[in-house]
**Student:** 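Below is one structure. I have some questions about it.
One-based numbering along the sequence shown. Bear in mind the structure is a predicted one, so any value in this text is a computation, not a measurement.
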Amino acid sequence: QVQLVESGGGLVQPGGSLRLSCAFSGRTFSRYTLAWFRQAPGKEREFVATIGWTPGATLYSDSVRGRFTISRDNAKNTVDLQMGSLKREDTAVYYCAAKSGPVLRKDDYGMAYWGEGTLVTVSS
C-alpha cells in the first residue's frame, strides 16, 4: 500500500516562490518514479515535472522549465517541487504521483498512486 500526501500550497504574489512537498508512505521509495501534475480551474490536468531513480533523471513541461525544480530525498521518502518566478497562470491544484520503474515521460501513463492535491494561488 502506497500513500502520498502533498503540503506547502498557499497564496503567493506574482514573481514569488513556493516550495511544495509530498510525503510517500510505503516500501521501496527509491525504486519509484515520482511526478507533479496540476489542474487549473476549467482546464485539464497537465504534467509539470518528473524525477526518476538518479539525480539527473528529470523532465519538465515547457511552461515551467527554468522556473521549477523537482527533487527527491530517499532518506526522508519525499519529493519536492521548488517553484520560482510564479505567474498567475501557475494557479492550480498541484498533485504528486508515483509509479514503479525508472522510465520518465511527460504524461500520467502508469501513475498508479496519487495524492489529494494542494492548492497554489498566485495573485496580487
Side-chain angles (χ1 to χ4, degrees):
Q1 182 67 37
V2 172
Q3 184 176 348
L4 301 168
V5 181
E6 304 95 336
S7 62
L11 177 65
V12 62
Q13 295 186 87
S17 299
L18 201 65
R19 189 179 187 91
L20 305 183
S21 185
C22 177
F24 174 106
S25 61
R27 302 182 66 181
T28 62
F29 173 79
S30 63
R31 291 297 178 262
Y32 281 83
T33 287
L34 292 308
W36 288 94
F37 298 82
R38 67 186 182 186
Q39 187 167 22
K43 301 184 68 176
E44 294 186 350
R45 187 172 63 198
E46 66 173 340
F47 167 81
V48 176
T50 187
I51 185 167
W53 291 5
T54 59
T58 58
L59 293 176
Y60 297 91
S61 69
D62 292 343
S63 63
V64 309
R65 187 177 298 108
R67 299 189 298 122
F68 291 10
T69 301
I70 188 171
S71 62
R72 67 189 295 164
D73 187 335
N74 288 350
K76 297 181 178 180
N77 285 13
T78 57
V79 56
D80 290 359
L81 185 69
Q82 178 64 49
M83 305 182 294
S85 301
L86 284 162
K87 307 172 181 179
R88 295 183 190 275
E89 49 263 47
D90 293 318
T91 295
V93 175
Y94 284 72
Y95 301 89
C96 64
K99 71 176 182 70
S100 61
V103 178
L104 304 184
R105 52 190 297 151
K106 296 181 178 180
D107 57 33
D108 62 2
Y109 183 81
M111 294 292 170
Y113 307 104
W114 293 81
E116 292 293 328
T118 186
L119 177 63
V120 173
T121 302
V122 184
S123 177
S124 59

**Student:** In Å and rounded to the nearest 0.5 Å, what is the CZ to CG distance from F37 to D108?
**Tutor:**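 If we round to the nearest 0.5 Å, F37:CZ and D108:CG are 5.0 Å apart.
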
**Student:** Of all the heavy-atom pairs spanning G101 and W53, show the shortest one and how long it is.
**Tutor:** O-NE1, 3.3 Å

**Student:** Between F47 and R105, is any pair of side-chain heavy atoms under 4.5 Å apart?
**Tutor:** no

**Student:** Nearest 0.5 Å, please: how far is CD1 in I51 from CG in L104?
**Tutor:** 8.5 Å

**Student:** Which heavy atom of S17 sits nearest a heavy atom of S85, and at what distance?
**Tutor:** OG-N, 4.5 Å

**Student:** Do V12 and L81 share a hydrophobic cluster (ILVMFWY, side-chain heavy atoms under 4.5 Å, transitive)?
**Tutor:** yes

**Student:** Using a 6.0 Å distance limit plus a 45 degree cone around the ring axis, check whether R72 lies over the aromatic ring of F29.
**Tutor:** yes

**Student:** Measuring from atom CG of L34 to atom CG of D80, what distance do you get when rounded to the nearest 0.5 angstrom?
**Tutor:**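 Here the rounded value is 10.0 Å.
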
**Student:** What about F24 and Y94, same hydrophobic cluster or not, with Ile/Leu/Val/Met/Phe/Trp/Tyr joined at side-chain heavy-atom distances under 4.5 Å?
**Tutor:**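 Yes, one cluster joins them.
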
**Student:** Between D90 and K87, does any NZ, NE, NH1 or NH2 come within less than 4.0 Å of an OD or OE carboxylate oxygen?
**Tutor:**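 Salt bridge flag = no for D90 with K87.
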
**Student:** Which distance, rounded to the nearest 0.5 Å, do you find between the CG of L18 and the CE of M83?
**Tutor:** 4.0 Å

**Student:** Taking C-beta and beyond as the side chain, do T33 and T50 meet within less than 4.5 Å on heavy atoms?
**Tutor:**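 When only atoms from C-beta onward are counted, T50 and T33 do touch, with a gap below 4.5 Å.
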
**Student:** More than 12 heavy atoms of other residues, nucleotides or ligands under 6.0 Å from CD of Q13: is that the case?
**Tutor:**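 Atom CD in Q13 is not crowded, with 12 or fewer foreign heavy atoms closer than 6.0 Å.
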
**Student:** Return the OH to CG distance between Y95 and L20, rounded to the nearest 0.5 Å.
**Tutor:** 13.0 Å

**Student:** If hydrophobic clusters are built from ILVMFWY residues whose side chains come within less than 4.5 Å, do W114 and L119 share one?
**Tutor:** yes

**Student:** So, for W36 and E6, which heavy atoms are closest and what is the spacing to 0.1 Å?
**Tutor:**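 Looking at all heavy atoms of both residues, the closest pair is CZ3-CG, 3.9 Å.
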
**Student:** Measure across R38 and S63 and return the closest heavy-atom pair with its distance rounded to 0.1 Å.
**Tutor:**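 Closest approach of R38 to S63: NH2-OG, 3.4 Å.
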
**Student:** Nearest 0.5 Å, please: how far is CZ in F68 from OG in S61?
**Tutor:**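 Output value for this atom pair is 8.0 Å.
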
**Student:** Between R88 and S124, is the side chain to side chain donor-acceptor pair (under 3.5 Å) condition met? List the steps.
**Tutor:** CA-CA 9 Å; R88 295 183 190 275; S124 59; 2.7 Å; yes

**Student:** Using side-chain heavy atoms (C-beta onward) and a distance below 4.5 Å, is S71 in contact with R19?
**Tutor:** yes

**Student:** For the residue pair G9 and V120, what are the closest heavy atoms and their distance?
**Tutor:**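 Scanning both residues, the minimum pair turns out to be CA-CG2, 4.2 Å.
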
**Student:** Over all heavy atoms of both residues, which pair between A35 and I70 is shortest? Give the atoms and the distance, please.
**Tutor:** CA-CD1, 4.5 Å

